[in-house]
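Structure first, then comments.
The sequence lines fix the lettering, A, B, ..., with proteins before strands; numbering per chain opens at 1.
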Amino acid sequence: MSGNASPSPPASPEIDDGTKTVIGIAFGNTTSSIAYTTPDGKAEVIANEEGDRQIPSVLSWVGSEEYHGTQAKSHLIRNAKNTVAYFRDFLGKKYSEIDPTNSHNSAHPLDVDGVPSFNLQQADDETVSTVSINEITTRHLIRLRDSASDFLGRKVTGAVITVPTDFSDTQKEALVAAAKAGELEVLQIIHEPVAAVLAYAARRTPEAQGVDRNILVADLGGTRCDAAVVASRGGMYTILATAHDYGLGGLRLDEVLVNHFSKEFIKKHKVDPGNERSLAKLRLEAEGTKRTLSLGTSATISIESLADGYDFHSTINRLRYELSAKKVFDQVVSLVENVVKKAELDLLDIGEVILSGGTSHTPKIASRIAALFPDSVPVNAPATLTTALNPSELSARGAAIQASLIAEFDKEDIEQSTHPAVTVAPHLSHPIGVVIGEDNSFQTILEAQTAVPARRIAQFDVQADGDVIVRICEGIREIVVEKVERQVNVIAEAAIRGAKRGGKVEVTINVGSDLGLNVAARVIGTQIGVRGEVKPEAGSAQ
Amino acid sequence: MASVKIPKPLPTLPEDWNSESNFIVHAPLSPAVHRNLSPAGPHFLAHARRKRHSRTFSEDDRIQAQQNVKNVEDEDAGEISEAESPVLLSRDPKDWKNQDHYAVLGLSKYRYKATEEQIKKAHRKKVLKHHPDKKAAVGAVDDDSFFKCIQKAMEILSDPVKRRQFDSVDEGANRDPPSKKSKGNFYKGWGPVFESEGRFSRKQPVPKLGDDKSIKAEVEEFYNFWYNFDSWRTFEYLDEEVPDDNENRDQKRYIQRKNNASRAKRKTEDTARLRKLVDDALSLDTRIKKFREEEKKLRNAKKDAREAEEKRLAEEARIKAEEDKKRKEEEEAREKAQKADSKKAREAAKNAVKKNRRVLKGSVKDVNYFASGDATPAVIDRVLGEVELVISKIDNEDLQTLARNLSGTRGADAIKSTWVEAVGELVKKGNAKVEDFKVFTS
C-alpha cells in the first residue's frame, strides 16, 4: 500500500452488451472472401493474415501442419496429393454426382459410403487418414472465421454465406452443418448474383435502390461461370433466370496461357514441360501472368527450373492473349445471351450489367459483354466502368451487408422471413402505366415482374387549366427498333376536374397481393382528387 | 415513398366523358405469375415485415417512423441529462480543487463508474452548450467561467492518473455507514458502504456483503478481504501547496516533504478509518452471532453425542456385569446342588451298605447262626467273624446282590448255600482265601 503509487485507473468493466459480430463469407470453389460492415454501413473485405483478400479455397497438410489459402495453393506443386482444392461443389453431393475434373492436380476425391472424401496424411507419421468433404469444409470455414476474428478483435458469432443459384437444399444443409461443426452460425445462405446486386445497391441512395430495372449478373469464377437475370423492383430482387457453364472459367484462360508458354518453351529448349510438376509450376505462374494482363498490356513470366533444369523467361502482350483466348470469351458471351433468352427477355430489357468473380477483371470479357448492350446500360466491370467495385469482392460484400441487416434478428425471425410463405409472391405479368401526352403514349409506372403488393407514386404535369384524365392501362412489350410498352387494355379511368395549369397531379397506384388495384389521383396542394378501386378477377391470384 | 416525376403532361378529359362518377373501372388486371423473391436486401426485409405482420404500406411506414423516433429518444435518455444547478453554474474556476468534476460534466450519478466514452460524450455535450462563442451569440459577453470549469473537469477526468487522484478524494462517491442506533436493514445500510469503499481496491472484483442467506465461507471471505484491504487510494489531490518552478530548491524540497508527510498521515488515517468501519460492521453483523451459535450447537451436539455414548457404554457394562454375576451365582448354586446330591448319594450308599450289612448280619442271626439250639458265643463269634470278613472283602455291588438274595431266602440251608455261593464268588475273584472260611464252605 504505497501512498505515492499512481496506479492506472480502474479498467472499465467489460460490458457484455451482447452485440453480435457478423460477417459475410463468399465461399467459392476457387477462392473465398470474408467481409464485414463498418459502423457507418460500408462493407469492407477483410484481408487474412497473409494479406490476401481473395483467399484460395485450398487446404494442405504437411505432417500435422495445416496450410490454408495462398500457402496451401503453392503446395499444389510439391505436395499435390495432400492438398485439397476446388472442393466447394463437392459439398452435400453424393460421390456419384460430383465432377472431379478439377481435382486432377490435387488430392483426388474417393467414394466413402457415397460421401466424397480424401485420403490425406495429417499426422507426423506416415499414417493416412480419410477426411470427408464436410470436415474439409469445416476446417476451411474455421480458418476464414479465425481470420475475421483476428482482424475484428471480436469473436465472430454468425455469418451469411453466398452460394451459387444451383446449390440444392441438401448442399445448403451440408454447408450449415459444416459451419456448425466449426462453431459458426449460418444466419442465412444467399445467392451469389443477389449478393452482387446488394453490393452495388448499398452504394446508392434508398431512392436509387428502388429504381426498377432488370440486372444481368455474370459471375465468372475460376472453374465455372454462372449468369442470372435479376429483376430489381422497388429494391426487391427476383431471379428470373439462371444459366451455368461448369467447364468455363479462369482456369480455361490459364490453360490458354499454359499452352502458349509450353509451346514457346519447347521451341526454345526442345524440352516438353509436360510432366506434372512442371505443369503445376507453369499453371501457378500463368495465373499471375493472366492477372497482370488484366491490368497492363503486356506481362512477363519467369519460372526457375521449369523442366530439365532450364529456367524460363518470356513476355506476352495482351493482344496475343486475347486472340488465343477468343474461344473462351465467345463462350462467356454466349452464356450471357443464353440467360437473357431463358428469362424470356431481350437484351434491350436489361438495364444494368454486373460482372462478378475474378475472371471479370479480364478487359476483353467486359468489353465484349458491353458491346451486347446499348451504351446507356452500365456494365459494372473495372475495364468498362471506373466506378465499378472489385468484382472479386462483390459476393462477400453483399453477404456482409445482408449479415448486418439481419444481425439483430432472432433465428426464428430469419426463418420466418425466408419462409416460402413470405418469399413466394405474385408478380405482375404485364406492366401497369398511365397514358400521357397528347400522343397518348404509355408511361410505365409498375414494371412487369413486380412483386405485389406494390405501391408506386407518380407525378404528372398539368399543361392547361381544365379537366384531365388519368387513364390507367396494362401494357404489352413490343420490340420494334427500341423498346416500347404500348397500352393495350384500359384498366380504369379517372377524371380530375378543374386542374390548374402548372399544377402537378400525383397518382398513387397500389397493387394488392390479390391483384386488386387501388388508385388515388390528386392535384398536389388542393382538395381535388379521385380515389377508386379495381376488384381483382376471381381466381387471378391466390 | 418518393414519387417519380414524369415530365409529360396528362391528356385533357375527352369531351365525350359522360359518366356520373369520376372513376370508371374497365377491366381487372391480367393474372399474375408466382415467383420466388430473393430473401436479401433491406427492401425485401421490409416486405417480409409487412407480410408477416399483415401491414399495408402506409401502416408499415408509420410504425417504422415511430420506431425510429423512439430509438433516437432512447439514445438521448441513456446519456447524460442532468440539470445544472445555479450554484454549479456560478462556480469560480479558480476554486477547481473543491469542484465536483463529475457534477460539472453531468456525470454525478456515474462518478467513478463513468467510462472514458461517457466522459468524452458528456464533455462534448457540455462544450456545445457552454462554449463562450455561443454565449456571446446570445448576448452574455465575457462569461466563460463555467466553460473553464468544464475544461478543468475534463483535464482531470481524461487523465487516468489525475482521475485516480480525484477519485481518491471524491466525497460524492462516499457512502456514510448507517448510525449504530438506526434500526434499518443491516445489508441495505452497509452494502452500499462497502461497494463504494471497494472502488479503492487493487484487487477486483470485491466480494459482496451478501445477505442473510450467505454461507459462512462467504462471510469469512468478505471480512478477510476487508481486513487485508489493498487500497490504491492516494491523497495528492489534497496537497495544500504545489511546488512551482520559481521557488528555490530548498523551498521545493520543504514543500515536497510537507506534502509527503501529510499524504502519509492521511493514508494512515484512512487505513484506520477503514479498519474501524469493518470492525463496526463486523460487530453489527448478525450473521457472525448466528454462525457462532450454530457452531456451538454443533459442538454441543458432539458433546451430547459423546456423553450419550458413554452412558450407553456404562449401561451396557453394568448389564453385562449383572449378567455375569447372575450366571456365576447360578453356577455356584448348581455346583452346590450337585455337591449336595452326591453327599446324599454317598450317604444313601453308605446307608445301603449299612443296611446290607445289617441284612447280612441279620440273615445269619435269623437262622441262629446255623446252630441247632442255642448258639454258643464261639459259634456266633466265628460265624459273625466270617460274615465280617465277607463284608470287608466284598464290593458294594456283590454286597447288594447278596443282601437281596439273602433277604429273599428263608431257611438255614438256603441261607447257608447263598453264603457259600457268595464266598465261592469271592474266592473265585481272589478277594478271599478258602482257608479263612470254616462255616461258609461246602
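- Counting heavy-atom pairs under 4.5 Å between each of A/V511, A/I436, A/I239, A/V505 and chain B puts A/I436 at the top.
- Residues B/K152 and B/E155 are paired through a salt bridge, judged by an N-O separation under 4.0 Å between the basic side chain and the carboxylate.
- Between chain B and the options A/Q209, A/K535, A/H419, heavy-atom pairs under 4.5 Å are most frequent for A/Q209.
- Contact annotation for A/A451: only side-chain heavy atoms (C-beta onward) come within less than 4.5 Å of a heavy atom of chain B.
- Contact tally against chain B (heavy-atom pairs below 4.5 Å) for A/I190, A/I414, A/I472, A/D461: the top residue is A/D461.
- A/V422 has its side chain out of reach of A/Q416: every pair of non-hydrogen atoms, C-beta onward, lies at least 4.5 Å apart.
- Between the side chains of A/H427 and A/T238, at least one donor N or O lies within less than 3.5 Å of an accepting N or O.
- Heavy atoms of A/A421 lying under 4.5 Å from chain B belong exclusively to its backbone.
- With a 4.5 Å cut-off on non-hydrogen atoms, A/L240 touches chain B through its backbone and its side chain both.
- Heavy-atom distances place the side chain of A/Q449, and not its backbone, under 4.5 Å from chain B.
- Heavy atoms of A/D413 lying under 4.5 Å from chain B belong to its backbone as well as its side chain.
- For the pair B/R111 and B/D170, the salt-bridge criterion is met [side-chain N within less than 4.0 Å of a carboxylate O].
- Both the backbone and the side chain of B/L10 have a heavy atom closer than 4.5 Å to some heavy atom of chain A.
- Per-residue heavy-atom pair counts under 4.5 Å with chain B were compared for A/V534, A/I491, A/L198, and the maximum is reached by A/I491.
- Looking at B/R35, the atoms closer than 4.5 Å to chain A (heavy atoms on both sides) sit in the backbone and in the side chain alike.
- Take A/Q459 and apply the side-chain contact (heavy atoms from CB on, under 4.5 Å) test, not counting sequence neighbours, and it matches A/K504, A/E506, A/I524, B/S3, B/K5.
- We find that B/E195 and B/K113 are joined by a salt bridge, their nearest charged nitrogen and carboxylate oxygen being less than 4.0 Å apart.
- Looking at A/V434, only its side chain comes within 4.5 Å of chain B, counting heavy atoms on both sides.
- At a threshold of 4.0 Å, the pair B/D61-A/R455 counts as salt-bridged, since one of the basic side-chain nitrogens sits closer than that to a carboxylate oxygen.
- Of the two parts of B/A264, neither the backbone nor the side chain holds a non-hydrogen atom closer than 4.5 Å to a non-hydrogen atom of chain A.
- The candidate from A/E533, A/R233, A/R531, A/H191 with the greatest count of non-hydrogen atom pairs under 4.5 Å with chain B is A/E533.
- Look at B/D270 and B/R273 and you find a salt bridge, because one of the NZ, NE, NH1 or NH2 atoms lies within 4.0 Å of a carboxylate O, short of that distance.
- For chain B, the option among A/A454, A/P420, A/A521, A/G512 with the highest count of heavy-atom pairs below 4.5 Å is A/A454.
- The aromatic rings of B/H101 and B/Y237 sit perpendicular to each other, their planes meeting at more than 60°, with 30° as the lower class boundary.
- Under the salt bridge (charged side-chain N to carboxylate O under 4.0 Å, His left out) criterion, B/D279 pairs with no residue at all, not counting sequence neighbours.
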